[in-house]
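I have placed the structure first, in the form of structure tokens, so that the comments after it can refer back to it.
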Amino acid sequence: MDSDLYQNSLTYKEIIRQQSSWKIALKSLETEKDDYQLIVEKFRDRVWIFSGCGTSYYLAQAASSLFKLITGFRTKAIPASEVLIFPNLVFNKNDTYLFFPLSRSGKTTEIVKASRKAKLDFGVPTFAISCDYNSALSAECDMKLKFSFEQEQSVVMTGSFTTMLMSIIYLASLHNGKKHVMEKLQEISDVSESVMTENQDFLRDIILNNDYDDFVFLGQGPFYGIANEAALKMQEMSISFSQSYHSLEYRHGPMSTVSDKTLVTILLCQGSRDYGIPLAEDLGKLGANILVLGENNDGEICKNADFQIAVPEGFGDIYNSFLYMPLLHLLAFYKSISKGINPDKPENLTAVVTLEI
Ligand code: F1P
């Protein structure tokens, strides 16, 4: 492995610093807690539309599921482009909404325009979450979340994804004063850092000791958005073929392409014992290589998996995304390095997509 590429990589540094970013963000969010709590309660009866592009759309998917599981609010995740092109599929006159645009840069044309359309054409209040508080998106929206964040220099989003997700879960914790949620958020950063550090070499060896050329990521519920983001990271960083599905959907056709060069990563959830583990066993019989991430309930997660990473129990589906995502970032990073690709400069990609529309 090109150790120079490895050690000096911006992407690597931004992956391994993300847990400290979460702590910094939470600390700054706490300073505006009362204002945010008022907003959460004011709009509790509306449909919260989380929206974004690329990584930020997958963030919207994970955030929408988690926000609903924590608060019980009605939520949806919609790509910004759909708001622009099919707004009547998103907003209808019989309901009321809060539009929640998500963007690392706050400059992506589609999400800025979508926020403007929601507000001006449909009268929907807008609440921006961006890693740049002084961005065009923040200026466009009625409300905005403010947290300290050291801007990412690399093209691909890593810590920005998990830090924005952390800020959204923080908002959810303010509903009905769910103090236990806030306590878990304080705790998860240290646990996530330990899990990441303990498994770095294991993840590196999975990639370096095998020549996988087809990556599949599977998850249900909030882990579907995480699976989509993991697939995009693998694609963007290592220029590899990647797919992502709701876990059980993979049997219904997509598994036809399984080969001995396929690595299927299954993100287990609490409902997985009846579904995810048999799935791993079935896919193993087809010759796929299986990596399972899950809670370490009884010493092992899935005896038939080729590789397994156990995360500590006690967090569950609401928080395990923060334990899984850094591992998935590293998996993609190591694949890019193993191919001699600089993940800081992915092919055909720019850090922000701006359009003349
Ligand atoms: C959204 C995005 C990223 C993608 C690439 C281009 O950026 O599509 O998801 O990885 O960097 O921009 P943003 O709206 O979150 O800044």
Side-chain angles (χ1 to χ4, degrees), residues 9-12 14-15 18 21 25 49-64 77-85 99-118 126-141 144-147 149-168 215 217 225-240 242 244 325-326 328-329 331-333 335-336 341-357:
S9 159
L10 282 169
T11 306
Y12 180 73
E14 290 163 3
I15 290 171
Q18 65 188 292
S21 302
I49 306 280
F50 294 90
S51 185
C53 302
T55 285
S56 295
Y57 169 50
Y58 300 139
L59 168 63
Q61 289 180 323
S64 173
I78 306 281
S81 52
E82 282 293 278
V83 176
L84 293 178
I85 301 167
F99 189 66
F100 230 85
L102 310 173
S103 172
R104 169 179 68 174
S105 64
K107 299 189 180 81
T108 300
T109 306
E110 289 149 87
I111 194 64
V112 174
K113 293 252 181 199
S115 304
R116 188 173 304 151
K117 179 177 276 288
T126 51
F127 191 150
I129 291 195
S130 168
C131 293
D132 179 354
Y133 182 69
N134 299 309
S135 63
L137 180 66
S138 297
E140 187 68 47
C141 290
K144 46 212 157 210
L145 211 61
K146 185 174 185 179
F147 55 85
F149 182 77
E150 186 183 349
Q151 292 309 318
E152 287 173 335
Q153 302 307 309
S154 54
V155 169
V156 297
M157 292 171 64
T158 51
S160 51
F161 176 95
T162 50
T163 304
M164 287 195 279
L165 184 59
M166 178 69 70
S167 70
I168 294 164
F215 295 87
F217 298 89
I226 302 300
N228 287 335
E229 173 56 7
L232 182 62
K233 285 294 85 84
M234 184 59 79
Q235 208 165 343
E236 289 180 329
M237 285 197 222
S238 73
I239 318 298
S240 302
S242 299
S244 49
M325 200 70 241
L328 299 165
H329 287 151
L331 195 71
F333 173 77
K335 183 62 186 177
S336 71
I341 290 172
N342 179 356
D344 295 356
K345 299 188 177 68
E347 304 231 350
N348 310 327
L349 266 191
T350 55
V352 184
V353 175
T354 51
L355 306 172
E356 295 301 318
I357 53 173

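Hydrogens, waters and symmetry mates are skipped; everything else that's a heavy atom, side chains included, is used. Counting convention: from 1, in listed order, for ligands and their atoms alike.
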Any atoms of ligand 1 less than 4.0 Å from a non-hydrogen atom of Arg104? List them with their elements.
-> 11 (O), 13 (P), 15 (O), 16 (O)

So do the side chains of Lys233 and Leu328 get within less than 4.5 Å of each other, counting heavy atoms only?
-> no

Just need the protein heavy atom nearest to atom 15 (O) of ligand 1, so name the residue and atom and give the distance.
-> Ser56 OG, 2.6 Å

Flag for Ser160-Thr163: side-chain donor and acceptor within less than 3.5 Å = no

The protein heavy atom nearest to atom 7 (O) of ligand 1 is Thr108 OG1, 3.6 Å

Specify the protein heavy atom at minimum distance from atom 3 (C) of ligand 1: its residue, its atom name, and the distance to 0.1 Å.
-> Met157 SD, 3.7 Å

Where the closest heavy atom to atom 8 (O) of ligand 1 is concerned, which of Cys53, Gly52, Pro101 has it?
-> Cys53

Top protein contact for atom 5 (C) of ligand 1, by heavy-atom distance = Thr350 O, 3.5 Å

Per-atom contacts, ligand 1 versus Val155 - under 4.0 Å to a heavy atom | 11 (O)

Decide whether the shortest distance between a heavy atom of Ile111 and an atom of ligand 1 is less than 4.0 Å.
-> no

Just which atoms of ligand 1 are under 4.0 Å from any heavy atom in Gly54?
-> 8 (O), 9 (O)

Are side-chain N/O atoms of Thr158 and Glu152 paired as donor and acceptor at under 3.5 Å?
-> yes

Lys144 atom NZ, over 12 foreign heavy atoms within 6.0 Å = yes

Which protein heavy atom lies closest to atom 9 (O) of ligand 1, and at what distance to 0.1 Å?
-> Thr55 N, 2.8 Å

In terms of side-chain heavy atoms, does Asp344 have a donor or acceptor partner in Ser154 at a distance below 3.5 Å?
-> no

Nearest protein heavy-atom contact for atom 4 (C) of ligand 1: which residue, which atom, what distance?
-> Glu236 OE2, 3.6 Å

When rounded to the nearest 0.5 angstrom, what distance separates OG in Ser242 from CD in Glu236?
-> 10.0 Å

Give the intermediate values and the outcome of side-chain contact (heavy atoms from CB on, under 4.5 Å) for residues Phe217 and Leu331.
-> CA-CA 12 Å; Phe217 298 89; Leu331 195 71; 4.0 Å; yes

Are any side-chain N or O atoms of Ser135 and backbone N or O atoms of Lys107, one a donor and one an acceptor, separated by less than 3.5 Å?
-> no

Closest approach of any protein heavy atom to atom 11 (O) of ligand 1, naming residue and atom = Ala351 O, 3.1 Å

